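These numbers come from the heavy atoms of this one structure, side chains and all, not from hydrogens, waters or symmetry mates. Since this is a predicted model, take the numbers as computed values, not measurements. When a ligand or atom number is given, it counts from 1 through the structure's own listing order.
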Amino acid sequence: MVKVAISGILGRMGKTIAKLAYEDSNIEIVAGIESPDCAHTHDTVGEILNVDLDAPIVSDLSKVIDITDVVIEFSNSTEAALSHLRLLAADKNKKGMVIGTTGFNDEELKEIKELSKDIPVVLAPNMSIGVNLLFKLVEEAAKALKDKGYDIEVIEMHHRFKKDAPSGTAVKLVDILKKETGIENVVYGRNGEYPNGRPSDEIAVFALRGGDVVGDHTVIFAGLGERIELTHKAGSRDIFARGAIEAAKWIKDKPAGLYDMMDVLNLK
Ligand code: NAD
């Protein structure tokens, strides 16, 4: 049994994770964590789910750290996620953390890496099995097509409420493409004149926003005469929530270190 506290529990992802975790007999929800600024009327997780569950909703992780094995972080605030990680890393019991929050800058990522020397951390901008397989397929395609005259474009689309752009998943796809192709130049959107056509030594990223799209990602490798498109489309938030729950079970009692979903899903 893994005892989890879910941060951002009143958000779109938080509620989905709470619902699936409640239905999972190997997980016990011991607390929800929410922003102190969040105007909400629920005092317990049971009230959100409309079930008999007393787990409190608090705004301060330190109040529930002793009863928690793993924190599942899905707040929409990178500062909140980092402050929770700092607390866990400083705690003598060395509890694990699963971070689904996206939008960290380079400095914040550096701090996450540093703090994960003290506790086990799974950091994954996308926790679905399909997207992690997409990461692997993109890696293979980029390796095979490197220096063979294929232009690379990345397109993502998400719902109108998403705070960060491009998505954390698109950023990770770009990191994989840069690593495998050696291309350093990344452009975000395109606008203007291209008298010499598209530069061959760039990866372009387009972030589309609208409606209620859960999350689409496509990587295009376009050559002269053919084109390969690798696409993942998320139809429901459940796929991310299931991945987060799997990661929480996996990380309990793991040694300190920074892991991702490829580790959890054994895709490496
Ligand atoms: P959301 O805006 O619906 O919910 C975020 C919640 O976090 C809100 O309830 C907000 O009050 C809460 N919050 C803000 N500050 C907080 C704090 N200090 N402590 C605790 N909670 C706090 O957002 P969402 O759509 O649920 O997405 C949440 C995050 O997860 C985003 O960063 C999103 O990009 C990311 N995401 C990741 C995956 C993945 O698989 N890793 C999938 C979907 C979304």
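Counting protein heavy atoms only, atom 3 (O) of ligand 1 is closest to Arg12 N, 2.9 Å.
Every N/O-N/O distance between Ser128 and ligand 1 stays at or above 3.5 Å. Geometrically, ligand 1 and Phe240 share no nitrogen or oxygen pair separated by less than 3.5 Å. Between Arg237 and ligand 1, no pair of N/O atoms sits closer than 3.5 Å. Between Pro36 and ligand 1, no N or O atom pair is found at a separation short of 3.5 Å. Distances between N or O atoms of Met13 and those of ligand 1 include at least one value under 3.5 Å. At least one N or O atom of Lys162, backbone or side chain, sits closer than 3.5 Å to an N or O atom of ligand 1.
In this structure, Pro125 counts as a contact residue of ligand 1, since one of its heavy atoms falls inside 4.0 Å of the ligand.
Here ring pair (Phe, Tyr, Trp, His ring centres under 6.0 Å) pairs that include residues 72-113, with residues two or more places apart or in two chains, number zero. The ring pair (Phe, Tyr, Trp, His ring centres under 6.0 Å) contacts involving residues 167-186 comprise nothing, where partners must be two or more places apart or lie in separate chains.
Taking every heavy atom of Thr102 and a limit of under 4.0 angstrom, the matching atoms of ligand 1 come to 32 (O), 33 (C), 34 (O).
Exactly one residue among His217, His158, Lys162 makes a side chain to side chain donor-acceptor pair (under 3.5 Å) with Ser167. That residue is His217.
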